[in-house]
Protein chains: 2
Amino acid sequence: MASKDRILRLKEETRINILDASLQIVKEDGWQALSMRKIADVIEYTAPIIYEYFSNKEAILLELTRKGFLILARDMKSAKEKHRLPAKQLEAMWLAYWHFAFAEKELYQVMFGVDVNCCELCEIMPEAEVPYTLISEVIEELMSPKKPTEDEVSVKYYTFWSVIHGLISINMVRRPTSDEITQEVLKTAISGIIRSIND
Amino acid sequence: MASKDRILRLKEETRINILDASLQIVKEDGWQALSMRKIADVIEYTAPIIYEYFSNKEAILLELTRKGFLILARDMKSAKEKHRLPAKQLEAMWLAYWHFAFAEKELYQVMFGVDVNCCELCEIMPEAEVPYTLISEVIEELMSPKKPTEDEVSVKYYTFWSVIHGLISINMVRRPTSDEITQEVLKTAISGIIRSIND
DNA sequence: ACATTTGCTTAACGGTGTTAAATTATTTAA
DNA sequence: TTAAATAATTTAACACCGTTAAGCAAATGT
C-alpha cells in the first residue's frame, strides 16, 4: 500500500524535524537550554511523542554527533581532493577541520564535549591567570635575545597550551591510548615547540 | 566573645564540608550526579542551608574551579623551582600541568569543561573514525620512506589532533584571542608537525 | 520573663526526563 | 454504513532538579 509509504515518509520527516528543532534551540540558547518539552514545542507536538522516534534525550545528542561526523568527513575529503602533495593535503584537511569546528560550533561541542560557560572566567577569577604568567615569563626569557613582543610570547604560550590541553582532552574523552604513545607525543610536542621558539 | 569565633570557625568548616562533599560526589558518580540535595545529604543538612554559604550551585563550581587553579599554580611553581634552564623549566611545568589534569581529573574537568561521556563512542559509531582514517592515510604516505608502524602514525595523528583540538577548545572557551595570533599558531603548528614527521 | 535573633526544616514553585493511562483519530472488517 | 480494532497523540503522573519563602524551635540579648 502506498499510504504506508506516505506515513513512513512523514515519520522520517518528523524525525528530522526533531533533530532540526534541537539544533535550532541549541543555536539560539545553548546546549543547557535544550529540553524535550522545548523540542516538542518547536515541532508542535507534546513531549512524549519524541520517544516514538528516539529512545531518550541522549539518543538525540548521539544522532547529532553522528551528523557532525558525517559533515566533518565530507569537508575533510573535499579538502583533501583539492591537493596532490601529501603535506598540502594534510594542511588542507586540518584547516577544514578547524573551519568545521566554528562553522558548526554546536555540533563540534556535542561531538567533543567542549562547553562554553566560562568566557569571562579570568576577569572574575585572577587565579586563572597564574599558569599563563608562570609560563610566559619563561618563554620570554627563552626568547630574550629577540626581545619578543607580548603577542609573540602569546603565540608560543597558546601553542603549548593547545598541545597539552588537546592531549589531555583526547585522553579523557576517548578510550585511553597506550601510555607509551601518549608519553612520546607529549615529549616530542614539548621539545618540538621549545625548539621552534627560537626559529 | 570567643563563642563568636567558634561559630565562625564552624561556619567556615561547613563551607569546606560543602566543597568536599561536592568533590566526593563527583568523584564517585561524575559531575552530572552532583545536586544540592545530595550535597545536603552528605553534610547531613537539608538543601536550603547550602544557600547560606553559596549563592547558588554555580558558585560551588566556581569555588572548585578556584581550588583547582590554586593547586595547579602550586604544582607548576614547584616544578619550575627544580630547574634552572628555561627549557627544562618549561618542560617541567607542562609535565606538572599534565599530571595535575589526571591526578585531579574532576577539578580539571570543571576548570576547562571537558566532559567524559563518550568513551566508547567509536565502538557504537563507526563514522567517528573517518577523520582518523583520512588523516592517517596521508601521514603514512608522507612517512612512507620509513615504513612506519601503525603506532608511529598514531603518534603523529594524535599530535596533530591535540594541537588543533586544543586550539579550538581554547578559542571557544576563552574570550576570543586575536585572529592573527590564532592563525599564526595554527599555521606554525601544522607546518611544524609536518616538518617533524620525517625527523 | 519577654523579645529578638539565629539555625534549620518543611513546603512550595516551576522546571527537568520519562512512563503509563486515557483519549482521540484513523483504518479495517462486517 | 456502522462497529471493532488499531494507531496517533495527549493528559497525568512520578521522581528528580535548583531555588525561594514561610514556619518553627532553640539560643541569645535585655
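Every chain is numbered from 1, with letters handed out A, B, ... down the list of sequences. Only heavy atoms go into these numbers, but all of them, side chains included; no hydrogens, no water, no symmetry mates.
In this structure, A:Lys11 places its NZ atom 11 Å from C1' of D:dT9, rounding to the nearest Å. In this structure, A:Phe54 places its CZ atom 15 Å from P of C:dG17, rounding to the nearest Å. Rounded to an integer number of Å, the gap from CG of A:Leu61 to C1' of C:dG17 is 12 Å. Between A:Asp29 atom CG and C:dG15 atom C1' there is a gap of 15 Å when expressed in whole angstrom units. Rounded to a whole Å, the CD atom of B:Glu44 is 13 Å from the P atom of C:dC8. Atom-to-atom, OH of A:Tyr45 to C1' of C:dT23 comes out at 16 Å; the value is rounded to the nearest Å. Atom CD in B:Glu52 sits roughly 16 Å away from atom P in C:dT5 (whole-Å rounding). The CD1 atom of B:Ile50 sits 16 Å away from the P atom of C:dG7 (whole-angstrom rounding).
The closest side-chain donor-acceptor pair between B:Glu106 and B:Trp31, if any, does not fall under 3.5 angstrom.
DNA chain D is contacted by both A:Ile49 and B:Ala47; A:Ile49 maps to the nucleotide lying nearer its 5′ end (nearest heavy atom per residue).
Every residue two or more places apart in sequence or in another chain that forms a side-chain contact (heavy atoms from CB on, under 4.5 Å) with A:Ser78 is listed here: A:Lys82. Residues satisfying the side chain to side chain donor-acceptor pair (under 3.5 Å) criterion with A:Thr14, sequence neighbours excluded, are A:Tyr53. Residues passing the salt bridge (charged side-chain N to carboxylate O under 4.0 Å, His left out) test with B:Lys80 are A:Glu137, sequence neighbours excluded. For B:Ala59, the side-chain contact (heavy atoms from CB on, under 4.5 Å) criterion is met by B:Phe54, B:Ser55, B:Asn56, not counting sequence neighbours. Partners of B:Thr46 according to the side-chain contact (heavy atoms from CB on, under 4.5 Å) rule, which considers only residues two or more places apart in sequence or in another chain, are B:Pro48. Residues meeting the side-chain contact (heavy atoms from CB on, under 4.5 Å) test with A:Gln24, sequence neighbours left out: A:Glu28, A:Val42.
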Could you give the side-chain donor-acceptor pairs of residues 33-41 of chain A under 3.5 Å, partners two or more places apart or in another chain?
| from | atom 1 | to | atom 2 | distance (Å) |
| --- | --- | --- | --- | --- |
| A:Ser35 | OG | A:Lys38 | N | 3.2 |
| A:Lys38 | NZ | A:Ala33 | O | 2.9 |

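Ion pair A:Glu63/A:Arg15 flagged as a salt bridge, since at least one NZ, NE, NH1 or NH2 atom sits closer than 4.0 Å to an Asp/Glu carboxylate oxygen.
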Report summary line: Nucleotide by nucleotide, nucleotides 13-18 of chain D touches protein heavy atoms under 4.0 Å in the pattern (B base, S sugar-phosphate only, - none) B---BB

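Proximity note for B:Thr46 (side chain, C-beta onward) versus C:dT9, D:dT11, C:dG7: the nearest is C:dT9.
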Close N/O contacts between protein and nucleotides 25-27 of chain D (under 3.5 Å):
none

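Partner of A:Val110 under the side-chain contact (heavy atoms from CB on, under 4.5 Å) criterion, chosen from A:Val26, A:Ile60, A:Leu61, A:Leu62: A:Leu61.
Under the 6.0 Å cut-off for aromatic ring centres, B:Tyr108 and B:Phe69 do not qualify, their centroids lying 6.0 Å or more apart.
Taking five base pairs at each end of the helix from C:dA1-D:dT30 to C:dA30-D:dT1 and finding the rotation axis that steps the C1' atoms of four pairs onto the next four gives two axes whose angle is 30°, to the nearest 10°.
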